[in-house]
Amino acid sequence: MKQVFVNLLSNAVKYTRKRDAAVIEVGYTQQGGLCVIFIRDNGVGFEMQYVGKLFGVFQRLHKARDFEGTGVGLAITQRIIRKHGGRIWAEAELDKGATFFFTLGLPATSAQEPKPTINHEVTNGARS
């Protein structure tokens with residue numbers, strides 16, 4: 001699980017570093033009896049039409065010259081989350097940031113990802 005947080009927080013730092021005021025939030029919410037953990041940033045974001053490529057090995061949504069990396073971090077993260085019986089997904093808007101959500105121990109009978117309602121009172125904000 002340490003690697004999950006390292007990968008998600010490293011991405012948040014990487015994609016917000018060009019912001020004058022970078023904001024990275026780590027928090028959780030309860031949804032349908034599950035704890036949904038999220039990492040949100042105000043970085044460059046991405047277009048949701050490409051979300052299907054996000055967790056693929058060597059899939060990049062930004063140019064390699066703009067952001068370093070191998071293109072395997074999110075694929076590794078997804079594999080770890082799945083090994084723990086969970087799910088991971090993302091929501092973003094180009095130039096407005098991204099939010100990565102994950103659960104652990106999601107019941108195998110669930111066919112649909114929960115849609116969390118974020119309660120800002122339960123977030124812990126970190127500003128860089």
Derivation of the side chain to side chain contact (heavy atoms under 4.5 Å, CB included) call for Glu91 and Phe101: CA-CA 8 Å; Glu91 296 175 0; Phe101 302 92; 3.7 Å; yes
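- One finds the CZ atom of Arg87 at 8.0 Å from the CZ atom of Arg82 (value rounded to the nearest 0.5 Å).
- Contact of the Trp89 side chain with the Thr99 side chain is not registered, since no non-hydrogen atoms from C-beta on lie closer than 4.5 Å.
- Here NZ of Lys96 is found 10.0 Å from CG of Leu94. Values are rounded to the nearest 0.5 Å.
- To the nearest 0.5 Å, atom CG of residue Leu104 and atom CE of residue Met1 are 4.5 Å apart.
- When the side chains of ILVMFWY residues are joined at heavy-atom separations under 4.5 Å, either directly or via intervening members, Val13 and Val72 end up in a single hydrophobic cluster.
- Taking the six-membered ring wherever Trp is involved, the centroid distance between the rings of Phe5 and Phe102 falls below 6.0 Å.
- Partners of Ala98 under the side-chain contact (heavy atoms from CB on, under 4.5 Å) rule, at least two apart in sequence or in another chain, are Asp41, Phe46, Ala92, Phe100.
- Side-chain atoms of Ile24 and Thr16, non-hydrogen and from C-beta on, do get closer than 4.5 Å to each other.
- Looking at heavy atoms from C-beta onward, Val36 lies out of side-chain contact with Gln30 at the 4.5 angstrom threshold.
- Looking at Asp95, its side chain never comes within 3.5 Å of a backbone N or O of Val44 through a donor-acceptor pair.
- Among all heavy-atom pairs drawn from Ala90 and Leu54, the shortest one is CB-CD2, 3.5 Å.
- Other residues, nucleotides and ligands contribute over 12 non-hydrogen atoms within 6.0 Å of the CZ atom of Arg19.
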Chi angles and distances behind the side chain to side chain contact (heavy atoms under 4.5 Å, CB included) call for Gln3, Ile80: CA-CA 8 Å; Gln3 192 63 51; Ile80 294 167; 3.8 Å; yes
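- With sequence neighbours left out, the side-chain contact (heavy atoms from CB on, under 4.5 Å) criterion links Asn11 to Lys14, Tyr15, Leu74.
- Between the side chain of Asn42 and the main chain of Gly97, no donor-acceptor pair closer than 3.5 Å is present.
- Between Ile88 and Phe55, the closest side-chain pair of non-hydrogen atoms falls below 4.5 Å.
- Formation of a donor-acceptor pair under 3.5 Å by the Thr77 side chain with backbone atoms of Asn7 is not found in this model.
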